[in-house]
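FYI, side chains are in, hydrogens and waters are out, and symmetry mates aren't considered; it's all heavy atoms of this structure. A quick note: this is a predicted structure, and the numbers were derived from the prediction, not measured.
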2 protein chains.
Amino acid sequence: MKNNAGREIPEEFLNDRKAFESTEIGHPEIQRTAPKVRVSTGDDKVVESIEDVVKSTVKDGMTISFHHHLREGDFIFNKVMDCIINLGIKDLTLAPSSLTNTMNDKVVEAIKAGTITNITSSGMRGSLGEAVSHGLLKNPVIFRSHGNRARSIENGEIKIDVAFLGVPNADRLGNANGMTGDAAFGSLGYALMDANYANKVVLLTDNLVDYPNTPASIKQTQVDYVVKVDQVGDPDRIGTGATRFTKNPKDLKIAKMVNDVIIHSPYFKQGFSFQTGSGGSALAVARFLRQSMIDNHITASFALGGITKPIVDLLEEGLVQKVMDVQDFDKGAATSMKENKNQQEIDASWYADPENKGAMVDQLDIAILSALEIDTNFNVNVMTGSNGVIRGAIGGHQDAATSKMTIICAPLTRGRIATVVPAVSTVVTPGDSIDVLVTEAGIAVNPKRQDLVEAFKKVPGLPLVSIEELQQRAEKIVGKPQPLQFTDRTVALVTYRDGSLIDVIKQVKD
Amino acid sequence: MKNNAGREIPEEFLNDRKAFESTEIGHPEIQRTAPKVRVSTGDDKVVESIEDVVKSTVKDGMTISFHHHLREGDFIFNKVMDCIINLGIKDLTLAPSSLTNTMNDKVVEAIKAGTITNITSSGMRGSLGEAVSHGLLKNPVIFRSHGNRARSIENGEIKIDVAFLGVPNADRLGNANGMTGDAAFGSLGYALMDANYANKVVLLTDNLVDYPNTPASIKQTQVDYVVKVDQVGDPDRIGTGATRFTKNPKDLKIAKMVNDVIIHSPYFKQGFSFQTGSGGSALAVARFLRQSMIDNHITASFALGGITKPIVDLLEEGLVQKVMDVQDFDKGAATSMKENKNQQEIDASWYADPENKGAMVDQLDIAILSALEIDTNFNVNVMTGSNGVIRGAIGGHQDAATSKMTIICAPLTRGRIATVVPAVSTVVTPGDSIDVLVTEAGIAVNPKRQDLVEAFKKVPGLPLVSIEELQQRAEKIVGKPQPLQFTDRTVALVTYRDGSLIDVIKQVKD
């Protein structure tokens, strides 16, 4: 059947999942779930070796989880997975908050060993994306946004048996935070879900501190074991990867245009709120926005999301009242959390769970997001590359796109590849939740937002164009690509934030 | 049958409850429970009248809850109950964290109206205690310690349908804390359980602040409605009631003796921890202990429990490293929480849930607690008065008594009434968890603690006596009282912290 994003969903996956219908969540009643807790006085939590704790917790067929707050500096994942592989444990479901490049080869190894047979993640890249796209994994990967992962953990769709969580400090009973220590990474936002809902919670730290450790983002009431390791991560590599700051003139041009869109929108007023993603242009927007806020004597009530140093600078300057922080993308943002009480750590549920009593994203005025592809229906792909191979992550893309004005900023083309296309190869975020596309070649407003069209028309110099025109210009530059070749086998399910199937990813033909 | 505290438990109550066996909790596996959540974007939470929100949430037969952090200054309980009574709602179970004197008459009125037919609470006093002891309530009250309430909420024994929580500040989505505003009362520790587990959470505040309100002890993800009221409470009356500071010479003498016991115990060493209750002598201990810590160059790793200004002063002086704060007993403690990051708010589960992965009380070295009666088996009564009438509260008594050295401090007699008795009228805390009794007439060590007996014997001037001797001295002063007269009807169940029945309270004879 075709879902409401126009994508063919194989019937076999519609037994226990709905097809995507709408970006509206409505008011369902959700019975939340809760962990099974083994009672203890907490006196014997410190374990000397990862192997000991794996042996006493992980069994064949279980679901295990990790967080990705240490990003490319993570030393925990590979150590734990090595141990699990070596113990010959089979048929695990891997359910991390996301997978970073440093984990790729180890996951491939674990799949080949039969250790991992199911994966749910925000995304994957590199050798792992290649392997999965070529059919290595037995069962389809389930891709979930950060908000959808929170939702699925809270309603029991994902039942984590054992969570392995690296932390830059912990006391012997498991009180921990992300703010101090050599591997400080700031907010523990995604990991807080695992700490709260996993049956068994294992902390790994290189920094065992005096009891009681406060503030305790993760609490002793949630933790079963604390393992002392040599090094949790490399703090200098936490801020690398998807979050490098751009010096590209095209990106800077786009960033300036995004700023123009923002300040001429009805949302740019005292107390507005915004989220910038981790793409090159998105990060640069913060700089332009700063000047606009100063010039117009406007301050923001909050900035949301993955937080960067430029956002924290706005907080320090008083241009932003509160930073609501689910994840820190660089060391500057990570280390400022303990200094500034207005930089509030939030968990992934508070950030973006769509089946909540109100998440932060529901209150968001403006979201600035990136895209690998966007089509003439404004559908966005942030998951598969031009060769059809998995090389991205949903992250909070679908979640933040619920904002009152969601702006996609992307170059018209990348090398010989068009960004604006007739139809994206994978729909991740439905066009219905995208309001504006900003490229260096012009600004396209979603036709359903005639209010914005009218507002922007009045602004001299704003280069408004139709998205079809942008698509045609891109095609003129790079030509019509050969259609991608896939087999019939589904290697990944892309779920919308409410759990419905918005698209599937097929195995690429060799 | 007789339970292991030697109390007769009527068979009729043993169908769905165990009789008390032991203070050891062991390592059971507990399936936690979770609320049912109605999904919303959070935009329509602010409701103008209590009546509107009661009408749309409370139905016959439900369980409703309140917190008692505002103590004798609470203005919320009576307002909400008035509304519920007037709407003619019947057969409710009232499950507050505790009941203070300001609520007594309203609960009696609600019982008479058929609005309330079941109660679980930490305790009750005054007109309500009298009424219940004389048989007014249809079903027996279930008394639970703070830790046991947390346990029961977490495992589903108490399923709260609607929680009404007064807060001194909240934003329009329900982010709230106890630290600022006219009615600031500090820690929201007990209320955090209700916010986390109730199906519907209603905040009532006189101080609607800008969104997003941080720090958020209660989060928007937990809250359904925010009601604006004229005044949440009288901040000057939060610190009254059970927590007044003593000037009584006898209490001060006992406090000094308690300090002597502490400093000559094996637990008085660098990094020790302690909790003082809210009784007169217990509060005075903090003053003596301060000087002993200075003289001996010893600092405490943490002070726990209901927190008072003298404890916060120790934190400010650096004599205590961390204050772990589930509740504030006075304005000084309440207002310091927002200033001192080492005063950590903890919820009732973290404080004392016995079915946890380690609660703070499990790590406690020394607890100083009070008693209405203590018997020669060291069993303590903090619930019924000398006339058999309910006039107290378990509070954290059973919970803190799990400390390595639990000291009961009490005068030998009060007026014409003995404190040390052959058998307490109601066993609340089993003698097995009590280590030392300090009275102005001498210090009795529980015979099972021969290690402490040996330690104290070496100290010149410590007036060690047997508890039997103390009991006889008391009897010599006040004589043998007439035995209390009760009917056969059970008006209250006293549960131990693990939920087992440690005693029952019978209806008094008129």
Who among [options] has the most heavy-atom pairs with chain B under 4.5 Å?
{"options": "S301(A), P215(A), P28(A)", "value": "P28(A)"}
{"options": "N342(A), I25(A), V201(A), D362(A)", "value": "D362(A)"}
{"options": "F302(A), Y211(A), W350(A)", "value": "W350(A)"}

Interatomic spacing from CG in D498(B) to NZ in K18(B) - rounded to 0.5 Å: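 Going from CG on D498(B) over to NZ on K18(B), the span is 5.0 Å.
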Backbone N/O of A34(A) and side chain of Q31(B): donor-acceptor pair under 3.5 Å: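 Here the side-chain-to-backbone pair exists.
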Any donor-acceptor pair under 3.5 Å from K200(B) side chain to T57(B) backbone: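 It does not hold such a pair.
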Measuring heavy-atom distances to chain B, does [X] have an atom under 4.5 Å in its side chain, in its backbone, in both, or in neither?
{"X": "Q344(A)", "value": "side chain"}
{"X": "R172(A)", "value": "side chain"}
{"X": "D210(A)", "value": "neither"}
{"X": "V37(A)", "value": "both"}
{"X": "N175(A)", "value": "side chain"}
{"X": "D353(A)", "value": "neither"}
{"X": "M324(A)", "value": "side chain"}
{"X": "I30(A)", "value": "both"}
{"X": "K341(A)", "value": "backbone"}

Of the backbone (N, CA, C, O) and the side chain (C-beta and beyond), which part of [X] lies under 4.5 Å from a heavy atom of chain A, both, or neither?
{"X": "Q363(B)", "value": "side chain"}
{"X": "N199(B)", "value": "backbone"}
{"X": "T33(B)", "value": "backbone"}

Trace of the salt bridge (Lys or Arg N to Asp or Glu O under 4.0 Å) decision for D365(A) with K404(A): CA-CA 5 Å; D365(A) 289 326; K404(A) 296 190 182 66; 3.3 Å; yes
What is the minimum heavy-atom distance between [X] and [Y], and which atoms define it?
{"X": "L315(A)", "Y": "V320(A)", "value": "CD1-O, 3.3 Å"}
{"X": "T205(B)", "Y": "V167(B)", "value": "OG1-O, 2.8 Å"}
{"X": "A198(B)", "Y": "K357(A)", "value": "O-NZ, 4.3 Å"}
{"X": "T180(A)", "Y": "K338(A)", "value": "CG2-CD, 3.5 Å"}

SB check R149(A) D194(A) (cutoff 4.0 Å):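 Yes.
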K45(B) and D171(B) ion-paired at < 4.0 Å: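 So K45(B) does not pair with D171(B) through a salt bridge.
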Residue, of S40(B), G42(B), P354(B), that accumulates the most heavy atom pairs under 4.5 Å with chain A: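 Winner by heavy-atom pair count: S40(B).
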